[in-house]
Amino acid sequence: MNVIILNTYEELSTAATKVLIDWIKATPKPLVCVASGDSPKGLYKHLVTSVEKNSLDTADWHFLGLDEWIGLNGQDIGSCRYHLDQDLFHPLGVPDEQICFFDGRSVDVFAECLINEMYIKKQGGIDVAILGLGLNGHIGMNEPFTPVDSRSQMVDLDPLTIRIGQKYFEQPQKLSQGLTLGLGTLMEARSILLLVGGQNKASIVKKMLEEEVSLSCPASLLRHHPNCHIFLDQAAGSLLDPKKGFENI
């Protein structure tokens, strides 16, 4: 695990983008797991800009959605797929056949989970997973005390996740469950980027990095991953003990 603390969210996004590109540039047809939400938006913006400037070619990249709200899909404004379409897939011109994403409107959510696991296997595994951090320590929609060996699954959402999730919608949205890649699935990714910005994340960042690894904070499991880079801005890392030796840039 590498923890890198940068001054601003923009610097965080720039540094994370460089690491992602360095990891993937020698990988043919890489599979990249992508999260929606605020944390990775800057990284996606840099990827799009790099492609527009012809300094990066993502034509052979394949993408895997991290999670989706039950009852919603890309047709719904505010869904995870909707935001990734706007921020990444449409700007990059990614063909539908190079995207695997949960359909929260499906009548067979268990089939959706199987489709994702089979897609990962077909592509030879996840090369890079891009993640954000929930205020309760979740990654994806893997809420506290999700089993460590969980695979793609339907989950009941924590009340905090339901409340925070409202910010992605124009009108109040009834949320109760979600579809997500499991902790076991994510921990098998060859590389992981966790991006965290903002003072509101400082307390959970401290718990994730300084307290005992525990399912009460699922993101703390990333400390056991062999190639995980955690990028923080100064605000998100403001409560960390300087004696721990986390790298400031």
Side-chain angles (χ1 to χ4, degrees), residues 1-25 30-58 61 63-68 77-94 99 101 126-135 137-141 164-165 167-169 186 189 191-205 208-209 219 222 227-240 246-249:
M1 177 189 72
N2 293 290
V3 179
I4 303 99
I5 305 173
L6 299 111
N7 289 320
T8 66
Y9 173 75
E10 175 59 26
E11 292 178 10
L12 175 161
S13 301
T14 300
T17 304
K18 184 179 184 303
V19 168
L20 172 64
I21 293 172
D22 286 345
W23 279 348
I24 285 182
K25 62 184 178 183
L31 178 59
V32 182
C33 171
V34 287
S36 60
D38 297 331
S39 297
K41 277 180 176 286
L43 182 153
Y44 299 151
K45 181 179 179 181
H46 284 300
L47 284 180
V48 171
T49 299
S50 296
V51 170
E52 290 175 344
K53 291 182 177 180
N54 296 316
S55 61
L56 176 68
D57 184 2
T58 60
W61 291 23
F63 294 91
L64 177 72
L66 175 61
D67 50 19
E68 185 58 278
I77 295 175
S79 67
C80 299
R81 176 62 188 265
Y82 173 84
H83 284 292
L84 279 163
D85 279 344
Q86 302 302 307
D87 295 338
L88 187 66
F89 299 147
H90 290 171
L92 290 182
V94 183
I99 302 171
F101 214 102
I126 299 171
D127 291 292
V128 181
I130 301 168
L131 306 176
L133 174 66
L135 286 173
H138 73 211
I139 47 177
M141 293 181 184
I164 297 297
K167 69 179 180 178
Y168 300 115
F169 300 94
L186 289 172
S191 301
I192 293 176
L193 289 175
L194 179 68
L195 314 180
V196 192
Q199 184 67 42
N200 65 326
K201 298 289 180 72
S203 293
I204 194 63
V205 165
M208 172 183 69
L209 293 177
L222 298 178
N227 191 32
C228 176
H229 281 36
I230 299 174
F231 287 89
L232 312 172
D233 64 12
Q234 284 287 350
S238 61
L239 298 182
L240 293 175
F246 299 122
E247 182 180 2
N248 285 266
I249 297 178

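Atom CG of Leu195 and atom CD1 of Ile4 lie 10.0 Å apart (nearest 0.5 Å). Expressed to the nearest 0.5 Å, how far CG of Leu92 lies from CH2 of Trp61 amounts to 8.0 Å. Atom CG of Asp87 is separated from atom CG of Leu43 by 11.0 Å, given to the nearest 0.5 angstrom. Separating the NE2 atom in His90 from the CG atom in Leu84 is a distance of 10.5 Å, to the nearest 0.5 Å. A distance of 5.5 Å separates CG in Leu209 from CE in Met1, rounded to the nearest 0.5 Å. To the nearest 0.5 Å, atom CD1 of residue Ile126 and atom OG of residue Ser191 are 11.0 Å apart.
Side-chain contact between Ile21 and Leu47 is present, with at least one heavy-atom pair separated by less than 4.5 Å. Residues Leu240 and Leu232 form a side-chain contact, since some pair of their non-hydrogen atoms from C-beta on lies under 4.5 Å apart. You'll find the side chain of Tyr44 stays beyond 4.5 Å of the side chain of Pro91, heavy atoms only. Put simply, the side chain of Gln234 does not reach to within 4.5 Å of the side chain of Thr8, judged on heavy atoms. Considering only heavy atoms from C-beta on, Thr58 stays 4.5 Å or farther from Val94 through its side chain.
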- Task: Run the numbers on Leu66 and Ser36 for side chain to side chain contact (heavy atoms under 4.5 Å, CB included), then give the verdict.
- Result: CA-CA 8 Å; Leu66 175 61; Ser36 60; over 6 Å; no
- Evaluate side chain to side chain contact (heavy atoms under 4.5 Å, CB included) for Asn54 paired with Glu52, printing each intermediate quantity in order. CA-CA 5 Å; Asn54 296 316; Glu52 290 175 344; over 6 Å; no
- Task: Test side chain to side chain contact (heavy atoms under 4.5 Å, CB included) on Val51 and Leu56 and set out the steps.
- Result: CA-CA 5 Å; Val51 170; Leu56 176 68; 4.2 Å; yes
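Side-chain N or O atoms of Ser50 include none that pairs as donor or acceptor with a backbone N or O of Ser55 at under 3.5 Å. In this structure, Glu68 contributes its side chain and Arg81 its backbone to a donor-acceptor pair below 3.5 Å. Side-chain atoms of Ser238 come within 3.5 Å of backbone N or O of Ala235 as a donor-acceptor pair. A donor-acceptor pair under 3.5 Å is absent between the side-chain atoms of Asp127 and the main chain of Val32, judged by distance alone.
Under the side chain to side chain contact (heavy atoms under 4.5 Å, CB included) test applied with His46, the options Glu10, Lys41, Lys18 reduce to a single match, Glu10. Each of Leu194, Leu133, Val3 was compared with Val205 under the side chain to side chain contact (heavy atoms under 4.5 Å, CB included) criterion, and only Leu133 meets it. Here the rule is ring pair (Phe, Tyr, Trp, His ring centres under 6.0 Å) with His83, and of Phe89, Tyr168, Phe169 only Tyr168 fits it.
Residues Ile192 and Trp23 come closest through the heavy atom pair O-CH2, 3.7 Å. Closest approach of Pro40 and Ala35 over heavy atoms only: CG-O, 3.4 Å. Closest approach of Ala15 and Leu6 over heavy atoms only: CB-CD2, 4.0 Å. For the residue pair Ser39 and Gly132, the shortest heavy atom distance occurs at CB-CA, 4.3 Å. When every heavy atom of Ile139 is checked against every heavy atom of Ala219, the shortest pair comes out as CG2-CB, 3.8 Å. Nearest heavy atoms, Pro30 versus Ile24: CG-CG2, 3.4 Å.
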